[in-house]
Peer 1: 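Got a structure here, written out as structure tokens. Questions coming.
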Amino acid sequence: MLDKSQPAPQTVLGVFLLIVLLGMSVRGWLVMEPENSDPISYFMAGAGRYLDPDFHLGMHHHHLRPLMAWIVGLPALLFGYSLTTFYTVVHAGALLTLVSWWVVARVLSGPVAAILVAVLWTTSFAALSADLTIVPDNWGASMSLFAIAAMALAIRSHDQGQGETHHRTWYQARLWSLCGGFMLWAACAAKETFVIYCIAVLFIVMTHRNRWQMLGYGMMGLFIGGMLELVWFWVQFGDPLARIHYFKGINAVIDEVNTKFEPLDLTSFLLRLPRVVHYTRSAESLFFLPAIAGFFLWCRDWKSTFSRIKIIVFVLPPAFVILAVKGIHPIQPYFDVVLRYYVPFLPFIYLATVDLFIHVWRWMTDAGYWVLRRYFVALSVISLLVLIVWNLLAAADYLPLLQKNGFTTNVAMQTSLTRDAEQTKTPKRLYLRAGMQYVTPLYFPKSAGWILGEMTLPHAAAPVFNEPGYMILSWPRINSDGNERPFVLSHLFLDYPIVFHSDVQGLMSEVLRVGPQKIHREAEVMASFQDKPWTLVDDKGRSVGQALPTSATIPVTIPKNGELTLTSLLSDGKPDPSLALKGGYWLHVRLNAMTEGPFAIIWMGLKERVGTVSRDWVSYQPLGTYYFKRVANKRQDVSFVTFIPYSMKSYDLVIRAQKSSIRIDGMVASLLRPDPSDRMVPPDVSVVGSNSPKLTVLPREEGSE
């Protein structure tokens, strides 16, 4: 399938280094800040003891994947619990991804294919979703690809030694088989789901005449890795089979998690992967058509050993991810619809596309269609450039945590709090709850004078702060455990000034200056708000009728994926003066909400109008997001707050229910006057996304700069 003329090794090396520079530059430009989710959990597994000397690994899947703990632990030996360690791991994972894609393409299809696959990696939207943070998907995929390449090299060594007794050839075959088995273990040590590559490699080996020798050495490599894992678990947990014992009981966990997934009928189930890729709005979806053609090209060349290898890895791993189910009645997936779960077989989609291109190019060359070949290459280059730009634009729009989107919240928070502490002489004391206890030390280390404060948390009441300091609230993470949240924003906001606010792509973070001394906010209840009917629509956007959610006696139920909208316009299309929002005030909406489902999300946003025309989605100003979890049929006191930077007369106020229906029985809206001690983020360090209002610097206290 490959052109007989291959580029010189020096040329290949130069191109490879150029691709490394380009791809890593893109990832450095788009890299994500640490967030208290999977990335920090894996980071804690390897570096937690440098934050807390008493830290120990727990029986949790993030801590039961030894490869992830080791790859973090190595740089932590030098840099400790720091951003340097975090980003070292991130960029090492991205670089390893490139190397593994290059190696497997080089072994299976040659240097030209390796170059082209690597070029596609530089801006691959799906690869970016894993390469920009710490997750096991790219690490496990890299180990799997190395294993496949090693087994392919073992097969090549066997074939070269056919009919010969050349010692070095047979020695290489055994060594590659041993390395392949060890790499398969490393892939499973990153994430258990990569066991499917053990099955794929088994199929590859069984198609070869020397299957038993290769299988034996491969099993030896697996055994060596497995013994390392058993010893490590024995040292860490006193149980060498800790991971097996944990995952034997994970069905209950999966059952609980799956309540958040959308039920799938057979059609949508089979179309899962295309829908996931299509949802990204990226160029990834266009690769499937040429990839299918390249796959049939491999099928035509079935007698080739390497074509059989490519067919197996093109079909088997994605089938496992797409078709993995919890049960047949009803069909329910084990895996959520997350793009990075599909990263492991991306290189083979790209490789099929690249092999098709090389085949067509070679056919034109052999047939003497030189002019046509030039047009074909020119068209391919133009298409590639379009796909690259498309993927970068898609990443900027659909990966909200990217630095490209302005998501540098923690850096801006660090700057803002340091400045405020200097100006107000507030002690560098931090009060943390869920969402920031492991992220904050990366930005506010003890070496800079920051300490942790202790707060009293009475049941179902606001916390009590005996000493002055700063309370950091990261709402996306706090709200994810709604029933474990003993306070809401309104409790704190009414008592303490806001010194930092960030709202990027609907992801909110705020800091309040807290302590024994409280403030008093002047509140003006919007009386006319109580009598204004709202419009209720279902998940299809169809009007269900009028509703009055402000009534405590007549509940209003927002259907799943439905909306409740209040417009400030009168029937003649003119603004209602009584609903005008004053500039320089806070809009505070409190409501009582309940859901019958085990998991639900309620979202509120302010949508400005131009005349009678409602602006598009980018003009939405989020008031907040509240997550219900394990609180079915429990009444929740939900509070939403946003700053109104200028007078607003024409607007829509929208409440959206997701994952489950939500019942509202009572709502109050107030305008709150800012306290003189409030501080918004100064313009030079503000973090304002496309969905955020322009933040205003509020008056400072006397004596401050």
Peer 1: Look at the side chain of S129 and the backbone N and O of A126, then say whether any donor-acceptor pair between them is shorter than 3.5 Å.
Peer 2: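 Present.
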Peer 1: Within a strict 4.5 Å, meaning less than it, do heavy atoms of the F16 and V20 side chains meet?
Peer 2: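 F16 vs V20: side chains touch.
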Peer 1: What I'd like to find out is whether the side chain of L184 reaches to under 4.5 Å of the side chain of C188, using heavy atoms alone.
Peer 2: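 Not in contact.
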Peer 1: Decide yes or no on side-chain contact (heavy atoms from CB on, under 4.5 Å) for I292 and F296, but give the supporting numbers first.
Peer 2: CA-CA 6 Å; I292 292 298; F296 284 115; 3.5 Å; yes
Peer 1: What do the steps show when you test F345 against L351 for side-chain contact (heavy atoms from CB on, under 4.5 Å), and what is the final call?
Peer 2: CA-CA 10 Å; F345 52 87; L351 185 58; over 6 Å; no
Peer 1: Evaluate the ring pair (Phe, Tyr, Trp, His ring centres under 6.0 Å) criterion for residues F125 and W390: first the C-alpha distance (whole Å), next the side-chain angles of each, then the deciding distance (0.1 Å), finally the verdict.
Peer 2: CA-CA 9 Å; F125 184 90; W390 185 356; over 10 Å; no
Peer 1: Looking at every heavy atom in both L116 and I358, which two are closest together, and how far apart are they?
Peer 2: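 Looks like CD1-CG1, 4.4 Å.
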Peer 1: Please examine the side chains of V12 and W102, heavy atoms only from C-beta on, and report whether any two atoms are closer than 4.5 Å.
Peer 2: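 Yes, close enough: below the 4.5 Å cut-off.
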Peer 1: Measure the shortest side-chain to side-chain distance between H359 and R300 over non-hydrogen atoms and say whether it is less than 4.5 angstrom.
Peer 2: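 The answer is yes; the side chains approach within 4.5 Å.
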Peer 1: Look up atom CG in L78 and atom OG1 in T85, then write down how far apart they are to the nearest 0.5 Å.
Peer 2: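 So the CG of L78 and the OG1 of T85 are separated by 8.0 Å.
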Peer 1: Work out which heavy atom in G140 is nearest to a heavy atom in A187; give both atom names and the distance.
Peer 2: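 Result for this residue pair: O-CB, 3.5 Å.
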Peer 1: Between R308 and W302, is there a donor-acceptor pair closer than 3.5 Å when you use the side chain of the first and the backbone of the second?
Peer 2: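 Yes.
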Peer 1: Whether the side chain of S124 engages the backbone of L120 through a donor-acceptor N/O pair (distance < 3.5 Å, no angle test) should be reported.
Peer 2: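 The answer is no, because no donor-acceptor pair under 3.5 Å joins these two groups.
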Peer 1: Can you list the steps and then say if I199 with I196 is a side-chain contact (heavy atoms from CB on, under 4.5 Å)?
Peer 2: CA-CA 5 Å; I199 301 175; I196 188 60; 4.0 Å; yes
Peer 1: Once you round to the nearest 0.5 Å, how far does CG of L145 lie from CE of M183?
Peer 2: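 Result: 11.5 Å between the selected atoms.
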Peer 1: Looking at Y350 versus W101, is the centre-to-centre ring distance below 6.0 Å?
Peer 2: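 Y350 vs W101: aromatic centres under 6.0 Å.
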Peer 1: Could you tell me whether the side chain of W185 and the main chain of L222 form a donor-acceptor pair under 3.5 Å?
Peer 2: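 Side chain of W185 to backbone of L222, a donor-acceptor pair under 3.5 Å: no, none is there.
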Peer 1: With heavy-atom distances below 4.5 Å as the criterion, would you say the side chains of L442 and I40 are in contact?
Peer 2: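 Yes. Closest side-chain heavy atoms under 4.5 Å.
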Peer 1: Testing the basics here: between A130 and V343, what is the closest heavy-atom pair and its distance to 0.1 Å?
Peer 2: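 Distance-wise, the nearest heavy atoms are CB-CG2, 4.2 Å.
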Peer 1: Atom CD1 of I71 and atom OG1 of T88: how far apart are they, to the nearest 0.5 Å?
Peer 2: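 Rounded to the nearest 0.5 Å, the CD1-OG1 separation comes to 11.5 Å.
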Peer 1: Parallel, tilted or perpendicular: which describes the rings of F43 and F86, with under 30° parallel and over 60° perpendicular?
Peer 2: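 Because their plane-to-plane angle is over 60°, the rings of F43 and F86 count as perpendicular.
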Peer 1: Pair D355, K310 - check salt bridge (charged side-chain N to carboxylate O under 4.0 Å, His left out), show working.
Peer 2: CA-CA 11 Å; D355 276 357; K310 288 184 279 191; 2.9 Å; yes
Peer 1: If you measure from CH2 on W70 to CG on L74, what distance do you get to the nearest 0.5 Å?
Peer 2: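 One finds 10.0 Å between CH2 of W70 and CG of L74.
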Peer 1: Could you go through T207 and I155, starting from their C-alpha distance and side-chain angles, then the distance that decides it, and tell me whether this counts as side-chain contact (heavy atoms from CB on, under 4.5 Å)?
Peer 2: CA-CA 10 Å; T207 61; I155 290 174; 5.6 Å; no
Peer 1: So F314 and F295, would you call those rings parallel, tilted or perpendicular, with 30° and 60° as cut-offs?
Peer 2: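 Rings of F314 and F295: parallel, under 30°.
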Peer 1: Which heavy atom of W121 sits nearest a heavy atom of R27, and at what distance?
Peer 2: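 For W121 versus R27, the nearest heavy atoms are O-NH2, 2.8 Å.
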Peer 1: Any side-chain heavy atom of M68 within less than 4.5 Å of one from I134?
Peer 2: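 Of all side-chain heavy-atom pairs linking I134 with M68, at least one is under 4.5 Å.
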Peer 1: Donor-acceptor pair, Q213 side chain versus A173 backbone, under 3.5 Å?
Peer 2: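 No; zero donor-acceptor contacts below 3.5 Å.
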Peer 1: So does I601 get a backbone contact from the side chain of Q658, meaning a donor-acceptor N/O pair under 3.5 Å?
Peer 2: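 Pair absent, no side-chain N/O of Q658 close to backbone of I601.
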Peer 1: Looking only at heavy atoms, what is the nearest atom pair of P344 and F194, with distance?
Peer 2: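 Reported closest heavy-atom pair: CG-CE2, 3.5 Å.
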Peer 1: Does T122 reach the side chain of L98, with side-chain heavy atoms less than 4.5 Å apart?
Peer 2: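 T122 vs L98: side chains apart.
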Peer 1: In sequence, state the C-alpha distance, the side-chain angles, and the governing distance for Y217 and W176, and then conclude on ring pair (Phe, Tyr, Trp, His ring centres under 6.0 Å).
Peer 2: CA-CA 9 Å; Y217 281 98; W176 285 124; over 10 Å; no
Peer 1: Roughly how far apart are T409 OG1 and Q414 CD, rounded to 0.5 Å?
Peer 2: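 One finds 12.5 Å between OG1 of T409 and CD of Q414.
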Peer 1: Looking at OG1 of T123 and CD1 of I388, how far apart are the two atoms once the value is rounded to the nearest 0.5 Å?
Peer 2: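 Answer for the OG1-CD1 pair, T123 versus I388, is 4.5 Å.
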Peer 1: Is the side chain of S307 donor-acceptor paired with the backbone N or O of K303 at a distance under 3.5 Å, no angle test?
Peer 2: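 Not at all, since once roles are kept as given, no pair shorter than 3.5 Å links the two residues.
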Peer 1: Would you say that L108 contacts F348 through its side chain, given a criterion of any heavy-atom pair below 4.5 Å between the two side chains?
Peer 2: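 L108 reaches F348 side chain to side chain.
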Peer 1: Look at atom CZ of F203 and say whether more than 12 heavy atoms of other residues, nucleotides or ligands are closer to it than 6.0 Å.
Peer 2: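 It does not: F203 CZ has 12 such atoms or fewer within range.
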Peer 1: Using every non-hydrogen atom in the two residues, find where A152 and I309 come nearest and quote the distance to one decimal.
Peer 2: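 That would be CB-CD1, 4.0 Å.
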